[in-house]
Amino acid sequence: MTSKLTWGYSLLDGAIIELNAINISNKELSRRLSFLVDTGSDMTVINNQIFNILKLVFIEDVDVTLGGNVKDKWKVSYLAIEIPGMSIREELEVLVCPDNQGDNLLGRDFLIKYVACFDGVNKQFTLQT
């Protein structure tokens, strides 16, 4: 069955959607979070504060290239994501930004599994199964 949800977005803030982030090992540990839709990000990213709150499992450190040549070490973890109002649940490897206040980014690793459409004229982002 196809389901579809639409969110508004602005050129200043981008498309921000509310998701349920869930610890795969302990489903009791979950949070409703805002994610910025980022088609330029290969992977979904959460900040370090969310990693700690959800008590996620550390998998490994990886080198991340930021803004061209800036390299940094970031954690990798697993996270389940659900979208309220849709029958979507995905378990993803996510990058953990060392900054506690960084944006949570919904990357292409998630987006490529669905029909994702930015409508610039109407300033809407639509996700469809």
**Request:** Applying side chain to side chain contact (heavy atoms under 4.5 Å, CB included), run through Q124 and W7 and close with a yes or a no.
**Result:** CA-CA 6 Å; Q124 294 181 332; W7 297 267; over 6 Å; no
**Item:** N122 side chain to D119 side chain, donor-acceptor N/O pair below 3.5 angstrom
**Value:**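 Looking only at side-chain atoms, D119 and N122 do form a donor-acceptor pair, the distance falling under 3.5 Å.
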**Under 3.5 Å side-chain donor-acceptor pair for N20 and S30** =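 No, S30 and N20 have no side-chain donor paired with an acceptor closer than 3.5 Å.
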Within this structure, what is the [atom1]-[atom2] distance for the pair [X] and [Y], rounded to the nearest 0.5 Å?
X   : Y    : atom1 : atom2 : answer
N23 : R31  : CG    : CZ    : 12.0 Å
I88 : S3   : CD1   : OG    : 5.5 Å
F35 : T44  : CZ    : OG1   : 7.0 Å
E93 : I59  : CD    : CD1   : 5.0 Å
S77 : L95  : OG    : CG    : 10.5 Å
N47 : L105 : CG    : CG    : 9.5 Å

**Asked** For K27, does the NZ atom sit with more than 12 other heavy atoms under 6.0 Å from it, leaving out its own atoms?
**Response**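 Enclosed.
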**Request:** Count the heavy atoms of every other residue, nucleotide or ligand shown that sit under 6.0 Å from NZ of K113, and state whether that count exceeds 12.
**Result:**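 Yes, because the 6.0 Å sphere around NZ of K113 holds more than 12 heavy atoms from other groups.
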Pairwise side-chain contact, [X] with [Y], heavy-atom cut-off 4.5 Å (strictly under):
X    : Y    : answer
L79  : L54  : yes
T126 : K4   : yes
L127 : Y114 : yes
F58  : V76  : no
K73  : D63  : yes
L92  : F110 : yes
D38  : L106 : no
C117 : F125 : no

Heavy-atom pair with the smallest gap, counting every atom of [X] and [Y]:
X    : Y    : value
P84  : L5   : O-CD1, 3.4 Å
S25  : V57  : OG-CG2, 4.5 Å
A116 : L111 : CB-CD2, 4.3 Å

**Item:** Verify same cluster id: I24, I22 (apolar side-chain graph, 4.5 Å)
**Value:**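 Unlinked, I24 and I22 end up in two clusters.
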**Prompt:** In terms of hydrophobic clustering (I, L, V, M, F, W, Y; side-chain heavy atoms under 4.5 Å; direct or indirect links), are Y78 and V45 co-clustered?
**Reply:**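 Yes, one cluster joins them.
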**Evaluation steps, side chain to side chain contact (heavy atoms under 4.5 Å, CB included), between V96 and W74** = CA-CA 6 Å; V96 181; W74 288 22; 5.8 Å; no
**Prompt:** Is a side-chain donor or acceptor of R89 paired with a backbone partner of E82 at a separation under 3.5 angstrom?
**Reply:**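 Checking the backbone N and O of E82 against the side chain of R89, no donor-acceptor pair under 3.5 Å is found.
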**Message:** Can you classify the ring geometry of F118 versus Y9 as parallel (below 30°), tilted (30 to 60°) or perpendicular (above 60°)?
**Reply:**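 Perpendicular.
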**Request:** With side chain to side chain contact (heavy atoms under 4.5 Å, CB included) as the test, would you mind laying out the steps for V37 and I16 before giving the verdict?
**Result:** CA-CA 6 Å; V37 177; I16 298 174; over 6 Å; no
**R32 with E18: basic N within carboxylate O range, under 4.0 Å** =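 Salt bridge between R32 and E18, a charged N being under 4.0 Å from a carboxylate O: no.
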**Prompt:** Are the charged groups of D61 and K75 less than 4.0 angstrom apart, N to O?
**Reply:**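 Judged by the 4.0 Å cut-off on N to carboxylate O distance, D61 and K75 do not form a salt bridge.
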**Message:** Is there a side chain to side chain contact (heavy atoms under 4.5 Å, CB included) between I50 and N104? Walk through the geometry before answering.
**Reply:** CA-CA 9 Å; I50 299 305; N104 299 306; 4.0 Å; yes
